[in-house]
Amino acid sequence: MSPRGALAPLPRSFYARDTVDVARELLGKLLVRSGPQASVSRIVEVEAYLGERDQASHARRGPTPRAAIMFGPPGHLYVYLVYGMHHCMNVITEGDGVAGAVLLRAAEPLAVGGQVPRATASIRPLAGPGKLCAGLGITRAQNGLDLCAAGTLFVAADPLPPPDVMPRVKRSPRIGVAYAGAWASRKLRFYLAGNPHVSGKPRE
DNA sequence: GCCACGATAGTG
DNA sequence: ACTATCGTGGCG
């Protein structure tokens, strides 16, 4: 069995915590997609969306039909459509009844179809939330999916973690939330400095 | 009902 | 800077 042959979903207790802590610790974790579109990729960029007080969060208007899932139990997937054409995927955080989510913005492709590719450049880039969902085949059909079950999508700890992941975590304001007043400048975007798969220009 | 506006990304 | 393209939610 290969070193990555025993990937298991992170337990619900991982998600049932402070959203910022979950966001930081998701960096370096593995996104595992099984089935026809099987792939493994490393999460390199995320954004934390806090509860109702966060004016950039979909939860800011309370548990509306779309955002209600953010108030639900942790460890589930929240997928929505932005600008009428791109999907964005989030993991739900905090305890049941408390809103919180982490937007997955970029991942580094590691393997496709169970095979480690010769060059990661041969794989579609996964930089940016829309591209990430497109690359993994995530649509609203996956909204509400339980990431803590061993299904077609889950997050796993890397059994062979690079030694320098956590020291490389940097933070910045979130992308595309200029309307959010004081919340627009809060440094709630986290990424691995220097990783070429991080979206946008300021990778350092 | 109706309508303004995005947690985007590619092109000019 | 401009645009494709549509669900969400605010408002009446």
Side-chain angles (χ1 to χ4, degrees), chain A residues 15 17-27 29 31 39 41 43-72 74-94 98-109 120-121 123-145 147 153 155 169-192 195-203:
Chain A
Y15 302 99
R17 294 183 295 147
D18 176 81
T19 303
V20 170
D21 290 340
V22 176
R24 296 178 62 96
E25 292 180 34
L26 277 172
L27 293 175
K29 294 288 191 296
L31 249 184
S39 67
S41 45
I43 298 170
V44 299
E45 180 185 352
V46 300
E47 284 178 1
Y49 284 86
L50 312 187
E52 299 181 76
R53 66 188 189 285
D54 182 354
Q55 290 305 296
S57 170
H58 288 171
R60 69 187 180 279
R61 307 195 196 280
T64 61
R66 178 179 65 169
I69 188 171
M70 285 186 67
F71 293 78
H76 291 258
L77 200 65
Y78 168 39
V79 185
Y80 66 91
L81 191 61
V82 270
Y83 302 122
M85 61 198 97
H86 303 290
H87 291 278
C88 291
M89 60 187 295
N90 304 249
V91 302
I92 304 302
T93 60
E94 307 283 350
V98 180
V102 176
L103 171 66
L104 305 185
R105 286 192 55 91
E108 172 183 354
T120 52
I123 309 177
R124 208 170 348 183
L126 300 174
K131 283 185 177 180
L132 178 60
C133 286
L136 294 181
I138 300 297
T139 68
R140 288 188 305 165
Q142 280 74 44
N143 190 36
L145 181 149
L147 293 165
L153 179 72
V155 182
V169 172
K170 298 196 96 177
R171 59 194 296 174
S172 80
R174 294 170 292 185
I175 307 297
V177 297
Y179 61 87
W183 286 87
S185 55
R186 294 280 299 270
K187 293 186 174 181
L188 293 172
R189 170 177 175 251
F190 300 89
Y191 57 99
L192 296 182
N195 188 295
H197 296 88
V198 171
S199 70
K201 299 170 186 181
R203 291 181 180 126

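For the numbers below, each heavy atom of this structure counts, side chains included, while hydrogens, waters and symmetry mates do not. To find a chain, count down the sequence lines: A is the first, B the second, and so on, and within it residues start at 1.
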Spacing between [X] atom [atom1] and [N] atom [atom2], to the nearest angstrom:
| X | N | atom1 | atom2 | answer |
| --- | --- | --- | --- | --- |
| A:R140 | C:dT5 | CZ | C1' | 13 Å |
| A:L126 | B:dA9 | CG | C1' | 15 Å |
| A:H86 | B:dA7 | NE2 | C1' | 12 Å |
| A:L81 | B:dA9 | CG | P | 12 Å |
| A:N143 | B:dA7 | CG | P | 16 Å |
| A:M89 | B:dT8 | CE | C1' | 16 Å |
| A:R60 | B:dC5 | CZ | P | 13 Å |
| A:H87 | B:dA9 | NE2 | P | 13 Å |

Which one, [options], comes nearest to the side chain of [X]?
| X | options | answer |
| --- | --- | --- |
| A:M85 | C:dA4, B:dG6, B:dA9 | C:dA4 |
| A:N90 | B:dA7, C:dG7, B:dA9 | B:dA7 |
| A:Y49 | B:dA7, B:dT8, C:dG9 | B:dA7 |

Under 3.5 Å, is there an N or O donor on one side and an acceptor on the other linking the side chain of A:Y83 and the base of B:dA9?
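Side chain to base: no pair below 3.5 Å.
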Would you say [N] has OP1 or OP2 under 4.0 Å from some side-chain N or O of [X]?
| X | N | answer |
| --- | --- | --- |
| A:Y80 | B:dG6 | no |
| A:R66 | C:dG9 | yes |
| A:H58 | C:dT8 | no |
| A:T64 | C:dG9 | yes |
| A:R174 | B:dG6 | no |

Which base sits across from C:dG9 as a Watson-Crick or G-U pair, both distances under 3.5 Å?
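For C:dG9, the partner nucleotide comes out as B:dC3, under the 3.5 Å rule.
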Are the side chains of A:H87 and A:I138 in touch, meaning some heavy atoms are under 4.5 Å apart?
no
Are any non-hydrogen side-chain atoms of A:L77 and A:M89 less than 4.5 angstrom apart?
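A:L77 reaches A:M89 side chain to side chain.
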State the [atom1]-[atom2] distance between [X] and [Y], to the nearest 0.5 angstrom.
| X | Y | atom1 | atom2 | value |
| --- | --- | --- | --- | --- |
| A:R105 | A:F190 | CZ | CZ | 13.5 Å |
| A:L188 | A:R24 | CG | CZ | 11.0 Å |
| A:L103 | A:R174 | CG | CZ | 10.0 Å |
| A:N143 | A:I69 | CG | CD1 | 4.5 Å |

Please compare A:G62 and A:G84 by the position of their nearest nucleotide in DNA chain C and report the one closer to 5'.
A:G84
Taking atom P in both B:dC5 and C:dC2, compute the distance separating them and give it to the nearest angstrom.
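About 16 Å, rounded to a whole number of Å.
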Using a heavy-atom cut-off of 4.0 Å across all strands, would you classify A:M70 as base, sugar-phosphate, or nothing?
base
